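Because only heavy atoms are used, hydrogens play no part in the values below, and waters and symmetry mates are left out as well, while side chains stay in. This structure is a prediction, so every number in the text was calculated from the model and none was measured.
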Amino acid sequence: MKHYEKELPAGYKEEFVVDATDKKLAVTLNLVGGIIMAVLIAAAYFLIRPTGLEENLSSPRTLILFVSMFAYMILHELVHGAAYKLLTGQKLTFGLTLSVAYCGVPDIFVYRKASLISLLAPFCVFTVVLGAALAMFSNPWDKMYTAILLAIHIGGCVGDLYDTWLYLTRFTDSRTLMQDTGPKQTFYVPEDAKC
């Protein structure tokens, strides 16, 4: 199955753009992500009920949490990149703006199925990894810090999940193409497609 086009085929039109550098969208996505994180962290705290906050804030666990948060952001984008690379073999671009860290394949147009796989790869991988770690730990603070990472992961996937939602509700035609520059995804559909 063909996963991408080097050029936009004839008979396609630009239908929709998701630009994470757009201030209004960036604020909206970050606000939604922040709310998701806060709700999940509060729920985890209520369910786990760790004690001794002051001792744990000065423990190595806190440093490990901050290093893990930074490492997660890099790994999240690398998983997007690995999926894109496996499916297209094309040149990747990585970067960081004030509103988003990103990975893209700006020189091609990717079909819907390959786009969905690349969009959801980090969500699937890290939900399983962090969920398993959460189940494995017995120490309440190890559990709590893992739950914080899981909440950051899920909240941080809000842009990927938004694009996925667009694919599931609006761009259901398998011929849909997306150009992903990283912070900006442009959806193209055949002129005869119903959106």
Problem - Tyr167 six-ring centre to Arg170 NZ/CZ under 6.0 Å and within 45° of normal - result: no

Handout entry: Flag, side chain of Lys85 to backbone of Gln90, donor-acceptor distance under 3.5 Å
Key = yes

Handout entry: Electrostatic pair Arg175:Asp173 at N-O distance under 4.0 angstrom
Key = yes

Handout entry: NZ-OG1 distance between Lys6 and Thr88, expressed to the nearest 0.5 angstrom
Key = 9.0 Å

Practice task
Could you tell me whether Tyr188 and Phe109 have their ring centroids closer than 6.0 angstrom?
Solution key: yes

Exercise for the section: Enter the distance from Tyr162:OH to Thr28:OG1 here, rounded to the nearest 0.5 Å. Expected result: 9.5 Å

Handout entry: Minimum side-chain heavy-atom gap Gln185-Val17 below 4.5 Å
Key = no

Exercise for the section: Starting from the C-alpha separation in whole Å, work towards a yes-or-no answer on salt bridge (Lys or Arg N to Asp or Glu O under 4.0 Å) for Lys91 and Asp107. Expected result: CA-CA 8 Å; Lys91 182 181 174 191; Asp107 300 327; 5.5 Å; no

Problem - Minimum-distance pair of heavy atoms, taken over all atoms of Pro140 and Ile48 - result: O-CG2, 3.5 Å

Fill in the blank from the handout: Scanning both residues in full, the closest heavy-atom pair of Pro50 with Met144 reads CG-CG, 4.0 Å

Practice task
For residues Phe16 and Thr186, determine if any side-chain heavy atom of one lies less than 4.5 Å from a side-chain heavy atom of the other.
Solution key: no

Problem - Ring-ring centroid check Tyr84 His80, cutoff 6.0 Å - result: no

Practice task
Establish whether Ile117 and Phe123 are linked, either directly or via other cluster members, by ILVMFWY side-chain heavy-atom contacts under 4.5 Å.
Solution key: no

Completion exercise
Exactly one of Val105, Asp180, Leu87, Leu116 clears side chain to side chain contact (heavy atoms under 4.5 Å, CB included) with Val110, and that residue is Val105

Fill in the blank from the handout: On a heavy-atom basis, the closest approach of Pro106 and Thr181 is CB-CA, 3.9 Å

Exercise for the section: Indicate, with yes or no, if the rings of Tyr72 and Phe126 have centres closer together than 6.0 Å. Expected result: yes

Practice task
Indicate, with yes or no, if Ile148 and Ile36 share a hydrophobic cluster defined by side-chain heavy-atom contacts under 4.5 Å among Ile, Leu, Val, Met, Phe, Trp and Tyr.
Solution key: yes

Fill in the blank from the handout: dist Ile152:CD1 -> Cys157:SG (nearest 0.5 Å) comes out at 12.0 Å

Problem - Spacing of Phe171 atom CZ and Leu177 atom CG [to the nearest 0.5 Å] - result: 11.5 Å

Handout entry: Minimum heavy-atom distance Val100-Pro183, with the two atoms named
Key = CG1-CB, 4.0 Å

Fill in the blank from the handout: NE2 (His3) and CD1 (Ile108) are apart, to the nearest 0.5 Å, by 10.5 Å

Practice task
Measure the OG-CG distance between Ser115 and Asp160 for me, rounded to the nearest 0.5 Å.
Solution key: 11.5 Å

